[in-house]
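So the structure is just underneath, and the comments pick up after that.
These numbers were taken from a predicted model, which means no experiment stands behind them. Below, read A as the first sequence line, B as the second, and so on, with proteins coming before strands; counting in each chain starts at 1.
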Number of protein chains: 2
Amino acid sequence: MERQTTEIRQEQIKKAVLDIIFTDGLDQLSTRNLARRVGITEGAIFRHFKSKRDIMLGIMQDVKTGLIGELRQIALGADGSEKRLSDFLCRHVKYLIENKGITILLFSEAAHMNDKELKENLHEILSEQKSLISKIIRDGMTEGLWNKKLAVDDIATIYMGIPITLNIELILNEDRFDMHGFCKRMFFLMQRMMSK
Amino acid sequence: MERQTTEIRQEQIKKAVLDIIFTDGLDQLSTRNLARRVGITEGAIFRHFKSKRDIMLGIMQDVKTGLIGELRQIALGADGSEKRLSDFLCRHVKYLIENKGITILLFSEAAHMNDKELKENLHEILSEQKSLISKIIRDGMTEGLWNKKLAVDDIATIYMGIPITLNIELILNEDRFDMHGFCKRMFFLMQRMMSK
DNA sequence: TCTATATATAATCACTCACTTACATCTTGT
DNA sequence: ACAAGATGTAAGTGAGTGATTATATATAGA
């Protein structure tokens with residue numbers, strides 16, 4: 001195997017984690033299979049990450065700087081709240097489709113939940129999402145777009161179900177799932193829900 | 001240990017599975033821990049179930065005859081669709097709170113997904129839920145309660161996110177989560193979403 | 001060119017897993 | 001009372017796990 005820098009290998013390994021999870025399932029995610037997928041041996045994995053756990057933490061970090069970073073930019077941006085909500089949702093959906101293994105990875109950690117740090121990371125990711133979407137909703141209410149009397153937190157809760165349900169549909173229905181215009185359709189319903 | 005019938009042990013074992021998942025996490029769900037929780041030895045587990053997989057199938061069967069059976073009764077009942085939707089949602093939420101490990105168990109199987117039968121069971125459970133809720137929505141539209149022009153499937157998708165989000169909040173926020181009147185509040189928003 | 005360092009390999013570690021076996025003991029029907 | 005079947009235990013099995021090691025080799029700087 002040709003030699004690569006640690007940076008490149010780390011990226012390859014993290015990508016392989018998501019690949020394996022989505023195509024073969026979570027229980028195929030051993031360091032052995034991971035090494036085979038990347039095309040190196042098992043020992044080499046531990047040259048680039050000090051443990052399997054560290055790989056997971058690295059991926060979560062990517063979500064924080066990648067997805068959450070972009071969502072934050074949208075949520076805190078200068079556009080009107082209607083456009084921000086739409087952009088937010090569509091960006092969110094796009095990310096999940098492009099990184100199909102992510103949701104499974106995150107929730108499997110929640111499910112196993114013996115690891116404080118991993119659990120906290122997940123909690124941080126989700127509550128950040130929820131607080132960003134709450135901000136957009138509140139802004140929209142202030143702008144007079146949406147009904148001020150509604151419980152922002154409840155609406156945010158409903159929002160949170162959308163990307164999760166999308167991922168479940170992706171896993172279970174494979175290709176049958178109609179994702180064309182999915183975010184627009186969901187946006188439309190969210191808007192009705194909040195209308196005056 | 002006092003001797004018990006296979007029927008009683010099977011119930012104890014299935015209950016212990018959900019207990020362990022919710023309190024200790026999925027990776028503590030070994031046959032060793034299962035036996036310890038029930039108060040018998042590991043070998044005894046295999047006297048009452050022929051495999052660990054069979055225990056999971058048994059639990060899924062319970063969901064089908066228990067939860068799904070009740071939801072079906074509500075959905076196909078004689079009440080108006082408004083009441084049926086409310087009852088459906090509240091019954092759904094109540095079941096998840098009383099069987100906190102269920103969702104994790106189901107989705108962990110989806111995530112591992114190497115087992116055709118388990119995966120199909122999950123698919124059946126979820127699509128049955130979705131088709132029942134779709135029926136209620138369609139009925140409500142026919143009754144003139146809700147807007148006929150909306151996409152029933154999209155609304156059902158949003159609905160499906162609610163119980164899942166509830167479970168995630170339960171796991172991550174432990175007791176902080178305000179589940180008082182949760183189903184009523186969600187019902188209220190669903191209704192707004194579908195209003196004319 | 002030579003040497004120090006980074007990267008890759010293969011064998012192996014201690015451990016846990018689901019499951020099995022051999023055998024003991026309780027319960028029940030006659 | 002006693003045989004038969006149901007339920008229990010203790011001690012294993014092989015396979016797979018994450019992680020470590022000694023060793024080999026490629027690369028880059030002097």
Could you check how far [atom1] of [X] sits from [atom2] of [N], rounded to whole Å?
X       : N      : atom1 : atom2 : result
B:Ile40 : D:dA6  : CD1   : P     : 17 Å
A:Ile20 : D:dG18 : CD1   : P     : 10 Å
A:Ile13 : D:dA19 : CD1   : P     : 13 Å
B:Ile8  : C:dT27 : CD1   : P     : 13 Å
B:Ile45 : C:dC17 : CD1   : C1'   : 14 Å
A:Gln28 : C:dC17 : CD    : C1'   : 15 Å
A:Leu26 : D:dG18 : CG    : C1'   : 15 Å
A:Leu34 : D:dG16 : CG    : P     : 18 Å

(message) Quick check on DNA chain D: between A:Gly43 and B:Gly43, whose nearest nucleotide comes earlier from the 5' end?
(response)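 Comparing both residues, the 5'-ward one is B:Gly43.
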
Out of [options], which nucleotide sits closest to the side chain of [X]?
X       : options                : answer
B:Lys52 : C:dA8, C:dA18, D:dA19  : C:dA18
A:Ala44 : D:dA10, D:dT7, C:dT9   : C:dT9
B:Arg32 : C:dA8, D:dG8, C:dT16   : C:dT16
A:Phe46 : D:dG18, C:dA18, C:dA10 : D:dG18

Verify the contact: side-chain N or O of [X] to OP1 or OP2 of [N], cut-off strictly under 4.0 Å; return yes or no.
X       : N      : answer
A:Thr31 : D:dG18 : yes
A:Arg53 : D:dG18 : no
A:Thr6  : C:dT7  : yes
A:Ser30 : D:dG16 : no
A:His48 : C:dA8  : yes

(message) Pairing donors with acceptors under 3.5 angstrom, does anything connect the side chains of A:Arg37 and A:Thr23?
(response)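 Their side chains do contain a donor-acceptor pair, which is all the 3.5 Å distance test asks for.
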
(request) Using distance alone, with no hydrogens and no angle criterion, decide if A:Lys130 and A:Thr157 have a side-chain donor and acceptor under 3.5 Å apart. (result)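 There is such a pair between these side chains.
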
(request) Could you tell me whether A:Asp19 and A:Lys100 have a side-chain N and a carboxylate O separated by less than 4.0 Å? (result)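 No.
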
(request) Identify which one of B:Ile97, B:Leu106, B:Leu96, B:Leu172 satisfies the side-chain contact (heavy atoms from CB on, under 4.5 Å) criterion when paired with B:Asn167. (result)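 So the option named by the test is B:Leu96.
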
(message) Using side-chain heavy atoms (C-beta onward) and a distance below 4.5 Å, is A:Glu82 in contact with A:Phe187?
(response)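 Result yes, sub-4.5 Å side-chain heavy-atom pair found.
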
(request) Indicate, with a heavy-atom threshold strictly under 4.0 Å, whether B:Leu29 touches base, sugar-phosphate, or nothing. (result)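 Result for B:Leu29 = sugar-phosphate.
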
(message) Given the structure, check if the side chain of B:Glu42 and the base of D:dA10 hold any donor-acceptor pair shorter than 3.5 Å.
(response)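 Between D:dA10 and B:Glu42, which were checked side chain against base, a qualifying N/O pair under 3.5 Å is absent.
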
